[in-house]
Structures are given as C-alpha cells and as structure tokens.
Amino acid sequence: ILELKPQAFILYLCSTYYRYREMSEDNTTKAKEEEEHVPTPATEYDEALSRSIVQSLSDAEKEIAARVSYRYYLAATTPSSENPSEVERDDLAMELAKRFLVVTSGNVDLATTKIKSTLKYRHEVLRIDDIRKAFLQSDDDTATGGEENERLAAIRHGLEQQIEDTNIFIRGYDNDRYPIMRSINATH
C-alpha cells in the first residue's frame, strides 16, 4: 500500500476527477447503447448539433462553459492579457457541447439539459472560479487584507486542511492500469 502526500493528492485530484467522471458516464452510455443499439451522432452533424445547443445557452452560460478551459479562464481574468473574443468563447462552449452530445448519444434535448445543469452546478455549488482564484493568489496577495482576499484565503486554507487530513492509499489497479485510490480521513 502506497501512501500519498498532500501535494501528490492535489495532482491526483486534478488529473483524474474528470477522467473517472467521464468513465462512469461512458459506462452508463455504453450499457444503454448496447441495450438500445443507438449509434453515436455522425461526425458531420456534430457541429450543427453542438451549435444548436450553444445557441440555447445564455451569454453567462456560454462564459461559464468556455471557462472550463483553463487557458480561457486565465485570458478572461488576467488584467494584463487581452480578453478573448466571443467567437473563441462560443468555440470553446461548442467543444463542451460536443462532449455532452457524445455522452447522450446525440440526444440534443438531453445534452442541453445536462450541460445547463452542469454549468449551474459548477458556478453556484462548486464555485470553480473561486477555487482557481484562491490557488492563483500568493500569500502576499492575501496578506494585504480586504474582504475578497480573506474569503479566498479561507477557501484555500479549507481545501489545504481537507487534503492534509486525508490519507490516500493505492489499493490496486483497474483493467486500464489506473490506480484504484482509497481515501481515509486522518485522525489526530
């Protein structure tokens, strides 16, 4: 059994969260496809279907969808950089829409519902942008005070404490040779 340190745990969370989430959605989709024999959407229709999904999103939802891309997030929030264009925002939102189309086997209505609920969850519950801001700021930035800096420092401290209080063990490997991780809250 291998025990991971907090820094390794952060890297593990970042690199595997979406992979395992997508795997579970893919397995559900694959099982459904095997039952119903529904093919995935044809490549030539992907763009048109994705565009229809993106057109149903509000400007705020398109912005949240584009911010899934960390590169876009940095460009949109860094004062020294040039703000991304609406075309770039819509293209990144379309890439996300394509992923949802694949998961839903081309069902536009279901993909639209899922993408809207995911964007709402990312923005209102997870508050991904706040987590990113908290770890982009240095301790010097948060030491200057201010309500916003104190809130971000509290987010960073809370996540760091949660990671420090968790032991992660590799309990084996799956068929694709990815580690099977087990987390246990450490008691002091």
Side-chain angles (χ1 to χ4, degrees), residues 3-25 50 53-100 103 111-169 181-188:
E3 183 176 345
L4 298 178
K5 298 296 178 199
Q7 295 83 3
F9 179 60
I10 291 172
L11 291 174
Y12 167 75
L13 284 177
C14 294
S15 65
T16 60
Y17 171 75
Y18 287 105
R19 179 195 167 284
Y20 284 110
R21 184 172 171 202
E22 288 173 3
M23 279 179 50
S24 66
E25 289 175 357
S50 299
I53 292 172
V54 171
Q55 287 173 347
S56 71
L57 300 176
S58 68
D59 285 342
E61 289 171 328
K62 289 177 188 177
E63 184 69 23
I64 296 167
R67 285 185 181 200
V68 168
S69 162
Y70 190 68
R71 181 184 51 79
Y72 181 90
Y73 168 77
L74 286 177
T77 58
T78 306
S80 62
S81 67
E82 185 178 314
N83 284 337
S85 66
E86 284 187 23
V87 173
E88 185 177 3
R89 178 196 70 186
D90 290 350
D91 287 346
L92 289 169
M94 279 187 50
E95 290 300 317
L96 184 64
K98 285 178 186 177
R99 287 186 241 159
F100 278 87
V103 169
T112 303
T113 303
K114 283 188 171 212
I115 195 170
K116 285 185 176 199
S117 65
T118 297
L119 295 175
K120 182 178 179 183
Y121 181 78
R122 282 180 62 90
H123 183 67
E124 295 176 3
V125 178
L126 288 181
R127 301 183 66 98
I128 296 293
D129 288 350
D130 289 346
I131 294 171
R132 287 175 170 174
K133 280 185 211 172
F135 284 97
L136 283 175
Q137 288 188 335
S138 67
D139 289 330
D140 297 335
D141 293 339
T142 56
T144 60
E147 190 174 313
E148 177 72 7
N149 287 339
E150 289 177 12
R151 188 175 65 80
L152 295 176
I155 290 171
R156 184 173 63 227
H157 176 72
L159 287 171
E160 288 171 346
Q161 190 64 44
Q162 184 178 357
I163 291 167
E164 285 178 14
D165 292 345
T166 304
N167 291 326
I168 302 294
F169 300 95
M181 311 296 273
R182 167 123 169 109
S183 62
I184 300 172
N185 287 339
T187 56
H188 296 284

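Considering only residues two or more places apart in sequence or on other chains, Asp91 meets the salt bridge (charged side-chain N to carboxylate O under 4.0 Å, His left out) condition with none of them. Judged as a salt bridge (charged side-chain N to carboxylate O under 4.0 Å, His left out), and not counting sequence neighbours, Arg182 has no contacts. Arg71 meets the side chain to side chain contact (heavy atoms under 4.5 Å, CB included) test with Ser69, Glu88, Leu92; sequence neighbours excluded. Every residue two or more places apart in sequence or in another chain was checked for a side chain to side chain contact (heavy atoms under 4.5 Å, CB included) with Asn83, and none qualifies. Residues satisfying the side-chain hydrogen bond (donor to acceptor under 3.5 Å, both in side chains) test with Tyr73, not counting sequence neighbours, are none. Arg132 meets the side-chain hydrogen bond (donor to acceptor under 3.5 Å, both in side chains) test with no other residue; sequence neighbours excluded. The side chain to side chain contact (heavy atoms under 4.5 Å, CB included) check on Ala97 picks up Ser50, Ile53, Val54, Ile115, with sequence neighbours excluded. Considering only residues two or more places apart in sequence or on other chains, Thr113 meets the side chain to side chain contact (heavy atoms under 4.5 Å, CB included) condition with none of them. Legend: residues meeting salt bridge (charged side-chain N to carboxylate O under 4.0 Å, His left out) with Lys98, ordered by chain and number and at least two apart, are Glu95. With sequence neighbours excluded, no residue satisfies salt bridge (charged side-chain N to carboxylate O under 4.0 Å, His left out) with Glu61.
Pairing each heavy atom of Tyr72 with each of Pro84, the nearest pair is CE1-CB, 3.2 Å. The heavy-atom pair separating Ile131 from Leu126 by the smallest distance is CD1-O, 3.5 Å.
Taking OG1 of Thr166 as the reference point, atom CD of Gln161 lies at 9.5 Å (rounded to 0.5 Å). Distance CZ/Arg156 to CG/Asn149: 9.5 Å, rounded to 0.5 Å. Atom CD1 of Ile64 is separated from atom CG of Leu119 by 6.0 Å, given to the nearest 0.5 angstrom. Remark: Glu150 CD to His157 NE2 distance equals 13.5 Å, nearest 0.5 Å. Between the CG atom in Leu136 and the OG1 atom in Thr78 there is a gap of 7.5 Å [rounded to 0.5 Å].
The pair Glu147-Arg151 fails the salt-bridge criterion, with no side-chain N (NZ, NE, NH1 or NH2) lying under 4.0 Å from an Asp/Glu carboxylate O.
Judged by distance alone, with hydrogens and angles left aside, the side-chain atoms of Arg89 form no donor-acceptor pair with the main-chain N or O of Glu63 at under 3.5 Å.
Taking 4.5 Å as the limit, every side-chain heavy atom of Leu96 sits out of range of all side-chain heavy atoms of Thr118. Two residues are said to be in side-chain contact when any heavy atoms from C-beta on lie closer than 4.5 Å; Arg122 and Arg67 fail this criterion.
Between Lys120 and the choices Lys116, Glu124, His123, the side chain to side chain contact (heavy atoms under 4.5 Å, CB included) rule is met once, by Glu124.
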